[in-house]
Amino acid sequence: MSQSYDPQSLERSIQQRWQDSQVFRAPAKPGPNKFYALAMFPYPSGQLHMGHVRNYSIVDAIARYQRMLGKDVLHPMGWDAFGLPAENAALKNGVAPAQWTFANIEHMRAQLQRLGLSYDWSREITTCTPEYYRWEQWLFLQLWKKNLVYQKVSTVNWDPVDQTVLANEQVVDGRGWRSGALVERREINQWFLRISAYADELLAGLEGLEGQWPEQVLAMQRNWIGRSEGAEIQFPLADGSGSIKVFTTRPDTLLGVSYLALAPEHPICQQAAQHNAELAAFLERCKLGGVSEAVIETQEKLGAPLGLDVLHPLTGERLPVWAANFVLMSYGEGAVMSVPAHDQRDFEFARKYTLPIKVVITQDGEVPPAEALTAALTKPGILVHSGPFDGLDSESAKKRITEALAARGLGARRIQYRLRDWGISRQRYWGTPIPMIHCPQCGVLPVPERQLPVLLPTHYQLKDPRSPLLDDPEFLEVTCPQCGGPARRETDTMDTFVESSWYYARFTCPDAQAMLDERASHWLPVDQYVGGIEHAVLHLLYARFFHRLLRDCGLLPRQDSRFDEPFARLLTQGMVLKDGSKMSKSKGNTVDPQGIIDRYGADTARLFILFAAPPEQSLEWSDSAVEGAHRFLHRVWRLVHEYTPPVPPQPASLGDEARLLRRQIHQTIDRVSQNLAERQHFNVAIAACMELSNALAKASGRTQEQDLSAVLGEGLRTLVLLLAPFAPHLAEDCWQHLGEEGLVAQARWPQVDPAALAVDQISLVIQINGKLRERLEFPADAAPAKLQELVLQHPQMQRHLQNKTPAKVIVVPNRLINIVLP
RNA sequence: GCCCAGGUGGCGAAAUCGGUAGACGCAAGGGACUUAAAAUCCCUCGGCUUAUGCCGUGCCGGUUCGAGUCCGGCUCUGGGCACCA
């Protein structure tokens with residue numbers, strides 16, 4: 001037996017063996033049993049944090065397990081390398097974003113390698129390299145041809161002091177984070193991807209993910225897409241100058257409308273403000289603050305009358321029009337019909353500005369006077385005060401009222417989505433240049449494909465937040481591809497979500513001389529995707545969208561349902577907490593993974609993080625529990641190294657103790673397999689390994705008994721295999737000690753021997769009226785009726801029964817018997 | 001404000017389909033070994049003045065022979081809200 005468990009040198013030498021043998025390299029074309037395991041790739045912030053360790057330990061355990069099942073496994077890693085932090089770092093430290101980013105990648109790659117994750121590093125992708133982003137530009141041009149890209153004016157956060165657009169994150173309490181200036185909303189022309197054209201398909205696709213994706217993620221995506229059925233309704237302007245269109249899901253309440261509310265940016269508001277100083281001041285006030293929905297929805301609800309009326313489309317009644325700061329220009333028509341009696345927000349607004357409230361729906365036939373209402377009556381019911389529609393229920397009224405509107409040409413049934421088109425323009429430097437050209441003669445034109453990539457210059461020293469592309473003639477000045485005259489290059493770059501929307505596909509063919517090649521269809525879809533729950537909507541929805549774009553651009557097979565979705569199975573992991581809150585530098589509660597690895601080794605870090613909680617739950621960091629994980633690994637190391645191989649052959653019959661131990665070994669295989677494959681509760685799988693290790697340790701003192709020694713050998717060999725996905729370095733070392741040939745990383749996962757699981761006695765719980773009273777042993781093969789008889793006659797039961805006749809006896813096979821006494 | 005989760009011993013958790021609440025680990029206490037310490041090993045470990053008893057899974061109520069698990073209401077904590085990634 002060698003000295004003792006020394007994770008640092010042990011892990012280094014095992015990692016060397018893995019590297020020498022290239023075991024984790026995936027073939028270009030896998031056999032019929034392929035498995036693509038993917039973790040959400042990191043932003044190279046410079047330091048590995050515990051969230052990364054958790055994410056990658058989970059995927060690595062899955063990848064290693066699948067490899068031991070004999071599959072061809074693709075398990076790649078790369079860098080989501082464009083984004084805001086590089087610019088911030090550049091401003092702070094005077095390092096060019098590219099330089100900063102690549103230095104961070106070097107450092108973090110070394111950290112990942114030290115963790116011993118089973119990546120195929122030959123497929124590494126870095127999104128800020130032209131080799132990667134040129135295909136994104138290429139795709140953009142294809143989408144332009146398909147009319148899936150367009151320009152439109154939309155709202156951004158504007159910092160009037162720094163003269164720059166701010167990310168929502170950079171708006172703190174309505175002020176710019178650097179300047180402290182009050183942030184304004186500003187309208188600028190931007191590039192959009194028409195994701196709304198895929199709304200129905202993205203919604204329908206969720207059904208196929210049922211059972212494979214967490215229910216909560218499916219629910220969040222459904223709500224985000226937000227399909228709603230309703231009607232669009234025209235309200236003619238009283239002065240005859242046109243009409244205002246609204247969308248509503250409640251046309252049944254149309255006779256209860258008392259005013260219209262318009263988004264401040266609505267053209268009719270803007271028009272009305274030209275001769276209305278008070279309104280203009282109000283609209284100006286509405287411009288203050290950020291653009292995020294959370295800000296808009298939580299601010300005080302304010303409004304101002306436009307001083308013009310519309311006509312009710314059915315009754316012709318005059319209704320006032322208001323501007324309201326909570327109406328979103330980006331949803332529906334930017335205008336809503338307000339029914340205060342039956343919508344809570346309208347109700348509060350009407351009370352605040354003393355606007356009329358008309359009850360038109362009743363639950364029980366009672367019609368309370370408007371003054372008596374304390375809240376809106378939002379449930380559907382029966383119509384009242386609605387003229388010819390009185391007495392209809394809400395559902396049929398929706399239909400009838402919409403028909404009545406359609407007959408007058410003032411309305412129609414409509415399906416509305418909450419999902420908006422994806423604005424991908426960023427007025428930033430560190431991103432993929434949008435490959436378009438603005439020519440004063442010819443207008444907006446795409447960069448010709450042969451001129452791709454449009455290279456992002458990397459030499460700038462940033463002095464202020466303004467994009468240096470705006471001031472660089474070398475970048476800006478181009479020749480118009482159409483007229484040959486002087487033109488200006490587009491300076492907006494793409495949202496970094498674009499890079500992360502297709503990287504999973506590029507990993508299958510990272511050196512392809514096209515965006516993707518046939519290798520994509522060999523490996524896709526990703527069989528298991530793992531990442532933080534914070535990506536439940538945006539990233540995962542955008543990637544699902546891109547998957548369809550790739551397919552529709554002919555890069556993925558069309559007629560094969562295997563390629564419907566990019567991620568066949570999804571696991572969303574919880575956060576790593578310290579003292580109950582998220583680890584962050586500002587809170588000063590971070591734990592550096594590097595320190596843990598230096599002190600205890602990678603196996604301990606990985607084992608702890610998998611053991612501390614089930615993956616989807618948040619994980620509370622604990623230094624002493626890390627010690628515990630380390631102690632366990634040390635115990636396993638000693639247990640294995642104290643055993644002297646070779647394992648003797650097992651005798652034909654085993655003694656009671658040996659048989660019991662062997663049963664536990666095979667029960668453990670069963671539990672660990674289930675908790676790795678279906679349930680993915682790695683903490684439970686590891687707990688089962690600990691129990692097995694405890695049982696083996698008890699037997700280890702008695703190796704002179706031949707049957708026990710043989711079963712112990714089988715147990716140790718099994719334990720090492722079962723631990724290989726969690727503590728791979730230790731497992732390799734122990735595997736070697738047990739005299740096994742080759743790498744445990746390539747060994748076969750153990751199989752359950754059903755014969756070892758057989759039992760002849762079972763322990764049953766006996767309840768009286770649902771309360772636990774006895775635990776009794778019975779033959780395993782007794783029929784339920786026989787069991788019931790045995791229990792009722794059992795001497796230990798008589799004092800519980802007290803000569804009463806049971807009213808009912810419930811027998812749950814192999815578990816319990818509940819006797820209901822009168 | 002809207003959407004989605006979660007709440008179980010001193011702590012992290014387990015209980016897979018409505019069927020033994022607390023597996024496994026941490027911490028703590030006691031003991032063995034040691035000149036001593038560390039390491040290691042063994043025992044105890046939800047609460048209640050006795051234990052074949054009663055109570056106990058955020059709070060209030062319901063369904064059921066039986067509820068941590070299902071239903072209704074509340075509360076607190078966390079994630080997302082379209083330019084952080």
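Note on naming: letters A, B, ... go to the chains in the order of the sequence lines (proteins, then strands), and numbering restarts at 1 for each one.
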Taking only residues two or more places apart in sequence or in another chain, which ones pass salt bridge (charged side-chain N to carboxylate O under 4.0 Å, His left out) with Arg569(A)? none
Any pair with a residue in residues 805-821 of chain A that passes side chain to side chain donor-acceptor pair (under 3.5 Å), sequence neighbours left out, goes on the list, sorted by first then second residue, please. none
Atom C1', compared across C45(B) and A28(B): separation rounded to whole Å: 8 Å
Assign Gln299(A) to base, sugar-phosphate, or nothing according to its heavy-atom contacts below 4.0 angstrom with the strands shown. nothing
Check: residues 609-620 of chain A side-chain donor-acceptor pairs under 3.5 Å, at least two apart:
residue: Glu616(A); atom: OE2; partner: His681(A); partner atom: NE2; Å: 3.3
residue: Glu620(A); atom: OE1; partner: Gly580(A); partner atom: N; Å: 3.1
residue: Glu620(A); atom: OE2; partner: Asp579(A); partner atom: N; Å: 2.8

Closest approach of Arg671(A) to Val684(A) (non-hydrogen atoms, all atoms of both residues): NH2-CG1, 3.8 Å
To the nearest angstrom, how far is Met797(A) atom CE from U52(B) atom C1'? 12 Å
Does Met690(A) or His800(A) map to a spot on RNA chain B nearer the 5' end, using the closest nucleotide for each? Met690(A)
Nucleic acid footprint by protein, nucleotides 76-85 of chain B - heavy-atom cut-off 4.0 Å, B for base, S for sugar-phosphate alone: --SBSBBBBB
Can you tell me, in whole Å, how much space there is between the P of G1(B) and that of C74(B)? 13 Å
For RNA chain B, which residues in residues 676-686 of chain A have a heavy atom at a distance below 4.0 Å? Arg679(A), Asn683(A), Val684(A)
Using a 4.0 Å heavy-atom cut-off across all strands, classify Asn675(A) as base, sugar-phosphate, or nothing. nothing
Relative to the ring of His634(A), is the ring of Trp637(A) parallel (under 30°), tilted (30 to 60°) or perpendicular (over 60°)? perpendicular
Check whether NZ of the Lys or CZ of the Arg Arg194(A) lies under 6.0 Å from the centre of the six-membered ring of Tyr150(A) and within 45 degrees of that ring's axis. yes
Output the pairing pattern of RNA chain B as a dot-bracket string, 5' first, Watson-Crick or G-U wobble with both distances under 3.5 Å, | for cross-strand pairs, [ ] for crossing pairs. (((((((..(((......[....))).(((((.......))))).(((....)))..(((((..]....))))))))))))....
Nearest-Å distance once atom C1' is located in both A23(B) and U57(B): 16 Å
For Ala86(A), which residues count as a side chain to side chain contact (heavy atoms under 4.5 Å, CB included) partner, sequence neighbours excluded? Tyr43(A), Pro97(A), Trp100(A), Thr101(A), Trp430(A)
Listed in order of residue number, which residues of residues 762-772 of chain A have a non-hydrogen atom at under 4.0 Å from RNA chain B? Val765(A), Gln767(A), Lys771(A)
Cation-pi, Trp158(A) ring and Arg185(A) (6.0 angstrom, 45 degrees): no
What is the distance from CG of Leu723(A) to P of C24(B), rounded to the nearest Å? 16 Å
How far, in whole Å, is C43(B) from C54(B) if one measures between their C1' atoms? 27 Å
If you go through the side-chain atoms of Arg799(A), does one of them form a donor-acceptor pair with the base of U52(B) closer than 3.5 Å? yes
Ile609(A) CD1 to A13(B) P: how many Å, rounded? 13 Å
From CH2 of Trp621(A) across to P of G12(B) the rounded distance in Å is 16 Å
For a quick test of reading the model, state the closest non-hydrogen atom pair linking Tyr132(A) to Glu499(A) and the distance between them. OH-O, 2.8 Å
Which listed nucleotide (U16(B), C65(B), C3(B)) is nearest to the side chain of Val820(A)? C65(B)
Atom NE2 of His630(A) and atom P of U40(B) are separated, to the nearest Å, by 9 Å
What do the steps show when you test Phe41(A) against Thr127(A) for side chain to side chain contact (heavy atoms under 4.5 Å, CB included), and what is the final call? CA-CA 11 Å; Phe41(A) 68 162; Thr127(A) 60; 3.7 Å; yes
Checking Thr164(A) against Gln427(A) for the side chain to side chain contact (heavy atoms under 4.5 Å, CB included) test, could you report, in this order, the C-alpha distance in whole Å, the side-chain angles of both residues, the deciding distance, and whether it holds? CA-CA 8 Å; Thr164(A) 181; Gln427(A) 294 69 41; over 6 Å; no
Sub-3.5 Å pairs of nitrogen or oxygen atoms, protein against nucleotides 26-28 of chain B:
residue: C26(B); atom: OP1; partner: Arg631(A); partner atom: NE; Å: 3.4
residue: C26(B); atom: OP1; partner: Arg631(A); partner atom: NH2; Å: 2.8
residue: C26(B); atom: O2'; partner: Ser624(A); partner atom: OG; Å: 2.8
residue: A27(B); atom: OP2; partner: Arg631(A); partner atom: NH2; Å: 3.2

Quick one: classify the glycosidic conformation of C42(B) as syn or anti, with syn meaning within 90° of 0. anti
Considering only atom C1', compute the distance from G47(B) to C41(B) and round it to an integer number of Å. 31 Å
Could you tell me whether G9(B) is syn or anti, where syn means a glycosidic angle within 90 degrees of zero? syn
For Ala695(A) and Gln664(A) the tightest heavy-atom approach is CB-OE1, 3.3 Å
Atom P, compared across A14(B) and U40(B): separation rounded to whole Å: 26 Å
Which heavy atom of Ala39(A) sits nearest to which heavy atom of Asn55(A), and what is that distance? CB-ND2, 3.7 Å
Between A15(B) and A67(B) - C1' atom distance, rounded Å: 13 Å
Counting the atoms with a prime plus P, OP1 and OP2 as sugar-phosphate, which does Pro614(A) contact under 4.0 Å by heavy atoms, base, sugar-phosphate, or nothing? sugar-phosphate
Side-chain donor-acceptor pair present, Asp492(A), Ser425(A), cut-off under 3.5 Å: yes
When the C1' atoms of G30(B) and G79(B) are considered, how many whole Å apart are they? 45 Å
Does this structure show an ion pair linking Lys152(A) with Glu187(A), if we count only N-O contacts that are shorter than 4.0 Å? no
Rounded distance (Å) that lies between atom P of A23(B) and atom CD of Gln664(A): 15 Å
For residues 536-545 of chain A, please give each side-chain donor-acceptor pair under 3.5 Å, one per line with the distance, not counting sequence neighbours.
residue: His539(A); atom: NE2; partner: Tyr529(A); partner atom: OH; Å: 2.7
residue: Arg544(A); atom: NE; partner: Glu565(A); partner atom: OE1; Å: 2.8
residue: Arg544(A); atom: NE; partner: Glu565(A); partner atom: OE2; Å: 3.4
residue: Arg544(A); atom: NH1; partner: Leu202(A); partner atom: O; Å: 3.2
residue: Arg544(A); atom: NH1; partner: Gln221(A); partner atom: OE1; Å: 2.9
residue: Arg544(A); atom: NH2; partner: Leu202(A); partner atom: O; Å: 2.7
residue: Arg544(A); atom: NH2; partner: Glu565(A); partner atom: OE2; Å: 2.9

Only counting residues at least two apart or in another chain, list the ones meeting ring pair (Phe, Tyr, Trp, His ring centres under 6.0 Å) with Trp621(A). Phe608(A)
Length of the CD-P vector between Gln788(A) and C65(B), whole Å: 17 Å
How long is the line joining CZ of Arg638(A) and C1' of U40(B), in whole Å? 6 Å
The criterion is ring pair (Phe, Tyr, Trp, His ring centres under 6.0 Å); which residues satisfy it with Tyr429(A), sequence neighbours excluded? Tyr460(A)
Look at the side chain of Asn818(A) and the base of C65(B), then say whether one donor and one acceptor between them are separated by less than 3.5 Å. yes
